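Let me begin by presenting the structure, written as structure tokens, before commenting on it.
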2 protein chains.
Amino acid sequence: MNGAVDLQLGEPDLTFRAAGDTLVRRTVLPSGIRVLTEQVPGSRSATIGFWVAVGSRDEHPADSGHPATFGSTHFLEHLLFKGTGTRSALDIAVAVDAVGGEHNAVTAKEYTCYYAKVQDRDLPMAVDVLADMFTSSVLDVDDFESERGVILEELAMAGDDPADVANERFFEAVLGSHPLARPIGGDAHTIGAATRDAVREHYRACYRAPDLVVTAAGAVDHDELVAGLSAALVAAGWDLEAVAPPVDRRATEVALLEGRAPLTVVERPGEQAHLVLGVPGLVATDERRSVLSVLSTIFGGGMSSRLFQQIREQRGLAYAVYSFAPGYSDAGVFGMYAGCAPKNAATVAALMRTELERLAHHGVTDEELARATGYLGGASALALEDSDTRMSRLGRAELALGEFSDLDEALRRVGRVTADDVRALATELAARPFSLAAVGPVDEWMFRSVVDSPEARPVA
Amino acid sequence: MNGAVDLQLGEPDLTFRAAGDTLVRRTVLPSGIRVLTEQVPGSRSATIGFWVAVGSRDEHPADSGHPATFGSTHFLEHLLFKGTGTRSALDIAVAVDAVGGEHNAVTAKEYTCYYAKVQDRDLPMAVDVLADMFTSSVLDVDDFESERGVILEELAMAGDDPADVANERFFEAVLGSHPLARPIGGDAHTIGAATRDAVREHYRACYRAPDLVVTAAGAVDHDELVAGLSAALVAAGWDLEAVAPPVDRRATEVALLEGRAPLTVVERPGEQAHLVLGVPGLVATDERRSVLSVLSTIFGGGMSSRLFQQIREQRGLAYAVYSFAPGYSDAGVFGMYAGCAPKNAATVAALMRTELERLAHHGVTDEELARATGYLGGASALALEDSDTRMSRLGRAELALGEFSDLDEALRRVGRVTADDVRALATELAARPFSLAAVGPVDEWMFRSVVDSPEARPVA
């Protein structure tokens with residue numbers, strides 16, 4: 001880090017002793033930067049992430065007067081690795097490679113996160129490199145054109161993955177014209193049209209102190225991190241005392257089901273049909289999130305789940321089959337995936353839908369409920385051995401809920417979920433309009449008996 | 001586990017205090033079963049694996065008089081999850097799901113491994129379930145047919161992944177008629193033709209005491225594991241005192257370059273060309289493995305590597321680009337992968353080959369050497385935080401080398417690698433016959449300038 005800085009950093013506004021004797025602390029600097037740490041006793045490594053609550057859903061169309069066009073959030077994420085005023089792209093890569101660390105970033109629908117996992121002694125270096133990238137990216141003109149090529153290849157790679165294509169089409173089918181429906185990376189057209197000015201304006205507007213959340217877990221001392229981070233930001237010219245108001249960039253009024261489609265088929269050669277079937281789900285803050293976790297676990301969460309047993313174990317129709325239920329700030333989806341022989345595609349799609357309806361009509365057993373509780377508790381305990389998971393959990397909770405979420409309390413809520421709760425939620429989900437996305441050597445007509453045609457069932 | 005058993009289990013023949021104060025112990029039971037553990041202080045979870053040194057390369061053609069046909073090793077791996085005399089497939093799935101554990105298996109070219117990762121209190125359950133699967137699978141007739149369908153879908157899924165197809169074709173191109181060249185899972189033809197009798201004979205012949213290696217890492221007590229494992233095996237009817245000779249099933253005389261191809265192209269629609277280019281590599285026991293690790297790191301191991309910098313950072317031609325260098329008992333490969341626009345495929349393939357030749361001609365800098373040493377040390381330290389990695393490392397070293405491999409000693413060997421060592425090995429590799437596998441909307445003629453045609457360069 002860049003030496004001591006004489007700042008009044010203030011006391012943490014949260015100090016929490018969590019399970020496993022970890023210590024969670026949160027400090028909000030006057031400028032609005034939020035720093036959360038979870039110190040894990042005995043840990044020899046740490047993961048640190050720099051988060052900003054801006055994702056692909058916060059982008060605007062090219063002709064809207066706003067600077068950020070579709071795919072520009074992800075474009076910016078790439079450019080932050082290309083160099084700063086004092087570090088070249090190679091310098092950034094060398095810094096973390098030389099200590100065997102992991103260094104990457106993720107652009108999601110509602111956030112962007114830059115992170116590094118390193119041994120404890122290398123944490124100050126990671127803070128410096130990430131702070132430099134976050135504050136001082138040069139967004140060089142030549143780098144912009146070169147990285148456009150890299151991103152087009154990333155999109156092409158995803159385009160060659162039929163399961164990925166089915167997932168993207170499914171979000172569009174379920175969420176219609178909602179901004180969450182769009183693919184995170186944009187497409188070849190929007191990336192081809194992206195301009196450096198628009199991406200630079202996006203960087204200037206969104207990567208500010210009140211937008212920055214820094215989380216770290218593992219071998220991390222809270223006060224040292226706050227001091228080191230502050231020093232790095234001050235060295236980059238940031239004024240940590242200047243108060244800037246947070247900006248809510250998120251559109252709040254969206255007609256959820258407008259533009260949805262019951263069926264979308266991408267016909268292409270291939271050995272399998274890749275199917276994603278589902279309905280609108282729950283928002284991230286829905287109080288039934290615990291019920292949804294239990295429902296998803298029983299329905300499609302492991303080898304003992306209903307989807308796995310019915311479609312793979314009993315009938316041998318698929319290798320990969322599971323459900324998923326991401327929640328966002330103002331929408332969510334509940335989906336199921338299976339890859340199967342094209343000749344079985346209609347059967348598998350019908351089986352998936354029938355399983356959800358069976359869950360709604362007949363509910364779950366006490367044994368399934370107990371198993372799901374054990375599954376969620378055990379899987380959390382194993383996942384939290386890794387500082388990546390803790391760092392990510394701190395960041396996502398701060399961005400989505402604005403507060404620390406204690407795992408033990410979350411598991412207690414899971415333990416209070418009843419069979420009636422699960423059945424009621426399954427009933428609600430199964431009554432929502434289904435959408436099916438299918439990719440492979442398949443035809444629309446195959447699925448007419450599974451998903452109602454637009455004529456047969458009114459939208460919304 | 002199944003209660004106490006009065007066995008003379010003998011003392012461990014290896015007790016080793018490794019870095020991080022972990023305790024490595026090995027016991028060989030009279031029947032030849034090998035048990036290795038690495039107890040990690042402070043760990044609250046454990047990963048346990050049941051290994052057998054039989055993989056796809058040990059299979060025989062259908063008409064050879066031997067029972068195991070191509071793909072049957074992987075077929076058997078699937079069937080072990082389908083039920084035993086006392087547990088149904090659902091029972092097996094429920095046992096591990098109910099505690100939130102991870103439970104899976106991997107079939108490789110030279111081994112098969114069944115593993116579970118659980119919290120410490122659940123380790124006895126995991127030992128019981130894995131021992132039951134390993135000893136007492138029923139290989140039911142109906143399950144056999146149902147699982148044939150699942151495996152065909154797994155193969156179809158891989159067939160829809162062009163990078164996966166390029167990798168399989170590359171192994172065939174480089175290794176020719178060597179058994180390591182074959183795809184692990186067989187193909188639709190061999191799986192369609194597989195018989196339960198052949199798979200059952202493979203199970204009977206290969207899943208015996210002298211073939212079994214059990215490794216565990218994390219929160220594991222060696223003596224308790226040996227006792228619990230022994231009790232579970234005795235309960236399954238195994239005689240742990242009966243001495244059976246180990247069988248070496250591996251063909252040792254193979255003409256390495258017979259049947260190799262300089263170029264193999266799979267033309268199919270798609271957005272990218274998926275390229276794998278390389279040469280025969282080193283065997284697993286080659287004394288230059290440390291040199292190869294350093295070479296691979298510098299050449300294609302991270303964001304600062306030469307391939308990444310030249311092809312992605314400098315030219316923006318690919319998103320994914322890296323090298324890999326697996327070693328097996330009697331062969332190895334050194335390969336490079338890139339996915340790129342079809343119009344750039346010849347350029348990217350030529351750049352990859354040129355980079356290896358540049359490494360051979362000009363060698364590496366001291367700075368690159370130091371960075372690679374730091375990379376390998378740091379990455380190992382981070383990886384070994386996970387009990388999965390430790391369990392896997394114990395098993396692979398026992399199968400490939402017949403001995404425990406101390407990480408600190410391995411890193412000391414890496415630290416002694418010189419620039420001359422790396423250059424000498426690069427020179428040797430670059431002089432070997434290159435093979436290129438390309439999948440996508442590409443033609444053979446595109447690559448004639450990159451890879452010599454069969455007419456221009458004699459095979460072997």
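Here is the naming used below: chain letters follow the sequence lines, and residue numbers restart at 1 for every chain. Basis for what follows: all heavy atoms, side chains included, without hydrogens, waters or symmetry-related copies. Predicted model, so just to flag it, every value in this text is computed and none were measured.
- Using modelled atom types, one side-chain atom of B:Gln272 and one backbone atom of A:Glu153 make a donor-acceptor pair closer than 3.5 Å.
- Residue A:Glu367 touches chain B through its side chain alone, counting heavy-atom pairs closer than 4.5 Å.
- Ion pairing between B:Glu147 and A:Arg312 holds under the 4.0 Å rule for side-chain N and carboxylate O.
- Counting heavy-atom pairs under 4.5 Å between each of A:Ala372, A:Pro41, A:Ala370, A:Ser146 and chain B puts A:Ser146 at the top.
- Of the listed residues A:Gly101, A:Ala98, A:Ala379, A:Ser380, the one with more heavy-atom pairs under 4.5 angstrom with chain B than any other is A:Ala98.
- In this structure, CG on A:Asp386 lies 9.5 Å from CG on B:Leu382, to the nearest 0.5 angstrom.
- Only the backbone of A:Leu155 comes within contact range of chain B, with heavy atoms under 4.5 Å apart.
- Using a 4.5 Å cut-off between heavy atoms, A:His274 touches chain B through its side chain atoms alone.
- Heavy atoms closer than 4.5 Å to chain B are found nowhere in A:Asp161, neither backbone nor side chain.
- Using non-hydrogen atoms only and a strict 4.5 Å limit, the part of residues 298-308 of chain B facing chain A consists of B:Gly302, B:Met303, B:Ser304, B:Ser305.
- Only the backbone of B:Val99 comes within contact range of chain A, with heavy atoms under 4.5 Å apart.
- If you tally non-hydrogen atom pairs under 4.5 Å between each of A:Gly149, A:Ala381, A:Ala318 and chain B, the highest count goes to A:Ala318.
- A heavy-atom distance below 4.5 Å is found between the side chains of B:Glu385 and A:Ser45.
- Residue A:Arg44 places its CZ atom among 12 or fewer non-hydrogen atoms of other residues, nucleotides or ligands, all under 6.0 Å distant.
- A:Asp160 places a side-chain N or O within donor-acceptor distance of the main-chain N or O of B:Glu271, the cut-off being under 3.5 Å.
- For chain A, the nearby part of B:Gln309 is the side chain; its heavy atoms alone come within less than 4.5 Å.
- Proximity of B:Glu313 to A:Lys82: side-chain heavy atoms (C-beta onward) are separated by under 4.5 Å at one or more points.
- For chain B, no part of A:Val96 is nearby; none of its heavy atoms comes within less than 4.5 Å.
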